[in-house]
Undergrad: 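The structure under discussion is supplied below as structure tokens; questions concerning it will follow.
Values below: every heavy atom of this structure, side chains too, minus hydrogens, waters and symmetry copies. Below, chain A is the first sequence line, B the second, and so on; all start at residue 1.
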Amino acid sequence: KAGVTQTPRYLIKTRGQQVTLSCSPISGHRSVSWYQQTPGQGLQFLFEYFSETQRNKGNFPGRFSGRQFSNSRSEMNVSTLELGDSALYLCASSLSRGWGEQYFGPGTRLTVT
Amino acid sequence: GIQVEQSPPDLILQEGANSTLRCNFSDSVNNLQWFHQNPWGQLINLFYIPSGTKQNGRLSATTVATERYSLLYISSSQTTDSGVYFCAVSTGNQFYFGTGTSLTVIP
């Protein structure tokens with residue numbers, strides 16, 4: 001079974017731009033969660049999607065948004081990028097909602113200049 | 001929100017040594033998981049362990065939910081065990097990672 005895939009793996013953007021990251025879950029998994037990892041704040045939960053609906057959201061501004069498609073693939077969007085958005089963005093998939101056993105993708109490393 | 005603290009923050013071991021990593025959490029949780037993040041950033045699921053004890057090869061974990069802690073045991077450590085170990089817990093609508101334990105195994 002193929003693992004969780006994320007694209008792109010690396011990204012460089014300029015302040016003020018927007019960015020879209022993609023995550024394809026393990027086949028059969030319907031829950032996708034997104035996380036941000038920075039040296040200062042560690043790993044933080046962004047949001048969880050299940051059956052195309054956002055089920056839970058972490059403490060991030062509205063510039064961070066996402067969606068999930070009928071095939072369970074998910075995208076995350078960050079608008080009006082700030083330098084502090086530079087981070088490793090990780091997605092994870094699980095069979096059921098509510099953070100069952102999670103399997104992580106390799107991450108997208110975003111650098112904002 | 002819940003506080004999830006791990007100890008020790010850093011650990012250096014000689015290959016072959018054993019170690020115990022601890023995860024304390026400040027409130028009741030629905031589940032608890034342990035992950036290993038390798039030097040390339042990939043998070044690997046080690047255990048899904050809301051309570052009780054599980055073993056997988058040289059690794060085992062125990063969660064005592066009533067006392068709000070979990071332990072990860074690594075026996076006969078190998079250089080490939082190096083990396084950062086995270087515990088993570090979930091409540092009804094939030095997911096929290098611990099502060100992490102950075103493990104270095106030297107040959």
Undergrad: If we count only N and O atoms by modelled type, under 3.5 Å, do the side chains of A:Arg67 and A:Ser74 hold a donor and an acceptor together?
TA: no
Undergrad: Does any backbone or side-chain atom of A:Leu43 lie under 4.5 Å from a heavy atom of chain B? Answer side chain, backbone, both or neither.
TA: both
Undergrad: Check each atom of B:Phe86 against the heavy atoms of chain A and say whether the ones under 4.5 Å are side chain, backbone, both or neither.
TA: side chain
Undergrad: More than 12 heavy atoms of other residues, nucleotides or ligands under 6.0 Å from CD1 of B:Ile44: yes or no?
TA: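 Yes, because the 6.0 Å sphere around CD1 of B:Ile44 holds more than 12 heavy atoms from other groups.
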Undergrad: Are there donor-acceptor atom pairs under 3.5 Å between chain A and chain B, and if so which?
TA:
{"residue": "A:Gln37", "atom": "OE1", "partner": "B:Gln37", "partner atom": "NE2", "Å": "2.8"}
{"residue": "A:Gln37", "atom": "NE2", "partner": "B:Gln37", "partner atom": "OE1", "Å": "2.9"}
{"residue": "A:Lys57", "atom": "O", "partner": "B:Gln94", "partner atom": "NE2", "Å": "2.7"}
{"residue": "A:Trp99", "atom": "O", "partner": "B:Asn31", "partner atom": "ND2", "Å": "2.9"}
{"residue": "A:Trp99", "atom": "O", "partner": "B:Gln33", "partner atom": "NE2", "Å": "3.4"}
{"residue": "A:Gly100", "atom": "O", "partner": "B:Gln33", "partner atom": "NE2", "Å": "3.1"}
{"residue": "A:Gln102", "atom": "N", "partner": "B:Gln33", "partner atom": "OE1", "Å": "3.2"}
{"residue": "A:Gln102", "atom": "O", "partner": "B:Asn45", "partner atom": "ND2", "Å": "2.8"}
{"residue": "A:Phe104", "atom": "O", "partner": "B:Gln42", "partner atom": "NE2", "Å": "2.9"}
{"residue": "A:Gly105", "atom": "O", "partner": "B:Gln42", "partner atom": "NE2", "Å": "3.4"}

Undergrad: If the threshold is 4.0 Å, N to carboxylate O, is there a salt bridge linking A:Lys13 and A:Asp85?
TA: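 No, this pair does not count.
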Undergrad: Main chain of A:Leu81, side chain of A:Gln18: is a donor-acceptor contact present, judged purely on distance under 3.5 Å?
TA: no
Undergrad: Side chains of B:Leu32 and B:Phe25: does their closest heavy-atom pair fall under 4.5 Å?
TA: yes
Undergrad: Would you indicate whether A:Ile12, at its atom CD1, is surrounded by more than 12 heavy atoms from other residues, nucleotides or ligands within a distance under 6.0 Å?
TA: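 Result for CD1/A:Ile12: open.
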Undergrad: Looking just at side-chain N and O atoms, do A:Arg15 and A:Thr113 make a donor-acceptor pair shorter than 3.5 Å?
TA: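 No, no side-chain donor-acceptor contact under 3.5 Å.
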